[in-house]
Amino acid sequence: MLLGTVLVLLLLGGAPASAHAALRSTDPDDGSVVKRAPRHLTLTFTESVGLLDDSFRVFGPDQRRVHTGEARHADGQSDTARVGLPGKLARGTYTVAWRVVSADSHPVSGAFTFSVGKRSATSAQVDTGPDEDPLTGGLHDAARYLAYLAAALLVGTVAFVLLCRPADTSPLRRPLSAAWWTLLGSTLVLLVLRAPYETAAGPAAAFDPSALERTVTSRPGLALLARLAVLLLTAAFLLRLSRHRDRREPVLRAVGATLAVALALTWAAAEHASAGIQVPLAMTSSVLHLVATGVWLGGLVALLLTLRRASVDALTDIVPRFSRIAFASVTVLAVTGLYQSWRGLGSLSALTGTSYGRLLLAKLVAVTALLLAAGYSRRWTARLAAPATAVARTAVPERVAQPVGAGAPGEPGASGAPDEAGEPEAPEKQQGPSEPAPEPGDADIRRRGLRRSVLVEVAVAAVVLLITTLLTTTLPGRAQAEAAQRSPAGALPPTTLVSVPFDTGGSSGTLSGRGTVQVTLDPARVGENGVQAVVYGADKGLIVVPEVRITFSLPSRKVGPIDAGLTDVGGYWSTNAVNLPLAGTWTMKTTVRVSEVDQVTVEKQVRIVP
């Protein structure tokens, strides 16, 4: 029952979670039209961000790149990014592609547009660049997974040696060495690939000295350097541990725990827990979660290797100890996982509505299988400990019931005194059920059964760690919901598109008296709005007409009519300065004149929001 409760708590946990940086606002606003060219661009994010050499790429109306200054933080605020623009910008629409590194070490990118004076008649799709180079991303993800795997094995094996105290640690020497070297190698790979991973470049960019210099001065780079330093101290500790016979010494355990916490901090300080809400509590939870994961999952591997060579008598002490340690670890994982899931998801709907939530559900399946295997292993653990209990019972001398008045041993009438034939009497055995003596082969069967179940646990644990790695690179549900509150990067703000069919009842030359006016009202909010009108003929082709006039009125408030003042800008009619001061349902009157005598006015209702 307790394991079931822990499972319910654990299903929402797993990886440290908080929030990637989400774009909160831009100056100029996305999709806005400004009368004068801005002197700089400013982006504000939901958390602090790191800037790259190429954080901004600005493309003009002719789709050529505009020269910009160096990207900096605006007014020293770490959650902003600002770049200077040239003194003179041509009229038209500009596209800004941006890429920064969020405080949790993950790069984020996007694009937005703004216009100077007027919007361009046409705008080409601007390639903002790939999110990452496939080879760089693959190598980086593989190194992250190996780092998690090696850290869990390293922490878990050392904890197993110190807490379970196996007499023979020779089966654990190679795994310890392999875990240390794997963690060292994966950390070096992550350090080298950090620069190309941030800039979405290929692995060859890692050999750029300036890129490596930027890496070692960034927070993720400093965390990786700190991990290397902790690994060197860990190597010295492992040498000390291999030569020390008394593993109960408190100093050894204290040093081992300190190194495990320091190692976990190198993840917590540079990933999800270091950004977002409640950072101190989140980092504490993250460290405890990572250490508990290592103690449990890494300890399973150590137990599996110990089961192959340890004697049955030794296992009857080791296995119950690890069972208690594993249960304590699962309890820590449940508490920290529940908190981190709330912090990362933000709502229950995000559990099924976001990629992060769906990964958590996948982890639920894996953790369920892991705990079922753990429960099966506990049954084998109880069976393995049973022989020792049975032997302990048979070792206790059985007291024989004496008749009333019986003398002391050696006296007539005493139990065990010689009978008439001179032979000692056999003592009467106490009646009742007794534990049958275990067969020698039963212990081996129990050990093999436990080894198989632990092997299943180890295999499932590897899957759990793989999903954990994916979770650390996935946008949490809370951040996704916050980003969804604003327009998607690279898109224009919400607009209202109104189709106005007209029929003048006649024709003028080659122009038919029937057609459609497509009117775009942008952003359809209180204040200044842009209006564009494109006229289509009966054959759905663009046509040129002498005049298009649009007015707005709000009958419920007796406002209007307000003339939009459209001008012919070559192929369509446009204005960027229609001030609609109140929210409500406005009446839009569109007048189309196709000749000196043929014209028609059509009314449509449009909604203006606050």
Side-chain angles (χ1 to χ4, degrees), residues 149-183 234 237-249 252-253 256-257 260 291-330 370-371 373-389 391 438 440-462 464-465:
L149 199 64
L153 181 57
L154 183 63
V155 172
T157 304
V158 172
F160 185 85
V161 170
L162 291 174
L163 301 178
C164 297
R165 302 188 300 275
D168 182 15
T169 60
S170 57
L172 306 179
R173 291 174 186 170
R174 287 187 178 180
L176 265 178
S177 178
W180 189 89
W181 283 106
T182 301
L183 186 53
T234 303
F237 173 75
L238 293 178
L239 289 176
R240 173 72 174 174
L241 183 63
S242 64
R243 299 172 183 174
H244 207 284
R245 294 186 178 275
D246 186 8
R247 302 188 193 99
R248 299 187 183 185
E249 187 174 334
L252 284 178
R253 296 185 180 184
V291 172
T293 300
V295 171
W296 182 25
L297 303 186
L300 282 175
V301 179
L303 176 62
L304 179 64
L305 296 173
T306 302
L307 285 171
R308 298 181 58 185
R309 297 184 58 175
S311 64
V312 175
D313 293 338
L315 290 177
T316 55
D317 292 330
I318 295 172
V319 174
R321 287 174 189 160
F322 178 75
S323 182
R324 292 189 293 270
I325 294 168
F327 187 80
S329 299
V330 171
L370 185 58
L371 288 180
Y376 192 66
S377 296
R378 285 177 66 87
R379 287 196 290 177
W380 281 111
T381 299
R383 295 176 185 177
L384 192 64
T389 305
V391 171
D442 290 346
D444 291 334
I445 293 175
R446 295 184 179 104
R447 177 164 58 179
R448 287 195 298 270
L450 180 58
R451 188 165 65 238
R452 285 193 295 268
S453 64
V454 172
L455 181 61
V456 173
E457 285 188 73
V458 171
V460 178
V464 171
L465 284 178

Audit row: V158, F237, side chain to side chain contact (heavy atoms under 4.5 Å, CB included) steps and yes/no: CA-CA 10 Å; V158 172; F237 173 75; 3.8 Å; yes
Calculate, to the nearest 0.5 Å, the distance between atoms [atom1] and [atom2] belonging to [X] and [Y] respectively.
X    : Y    : atom1 : atom2 : value
F160 : L303 : CZ    : CG    : 5.0 Å
L153 : L149 : CG    : CG    : 7.0 Å
F327 : W296 : CZ    : CH2   : 11.0 Å
L305 : L172 : CG    : CG    : 6.0 Å
L241 : T169 : CG    : OG1   : 7.5 Å

For [X] against [Y], the heavy-atom pair lying closest together:
X    : Y    : answer
R321 : L163 : CD-O, 4.1 Å
L252 : L162 : O-CD1, 4.0 Å
F322 : L300 : CZ-N, 3.6 Å

Residues in side chain to side chain contact (heavy atoms under 4.5 Å, CB included) contact with T182, at least two apart in sequence or another chain: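 So T182 forms a side chain to side chain contact (heavy atoms under 4.5 Å, CB included) with L146, A150.
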Residues forming a side chain to side chain contact (heavy atoms under 4.5 Å, CB included) with V295, sequence neighbours excluded: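 Checked V295 against side chain to side chain contact (heavy atoms under 4.5 Å, CB included); matches are V155, A159, V291, I325, S329.
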Worked check of side chain to side chain contact (heavy atoms under 4.5 Å, CB included) between T157 and V301: CA-CA 8 Å; T157 304; V301 179; 5.7 Å; no
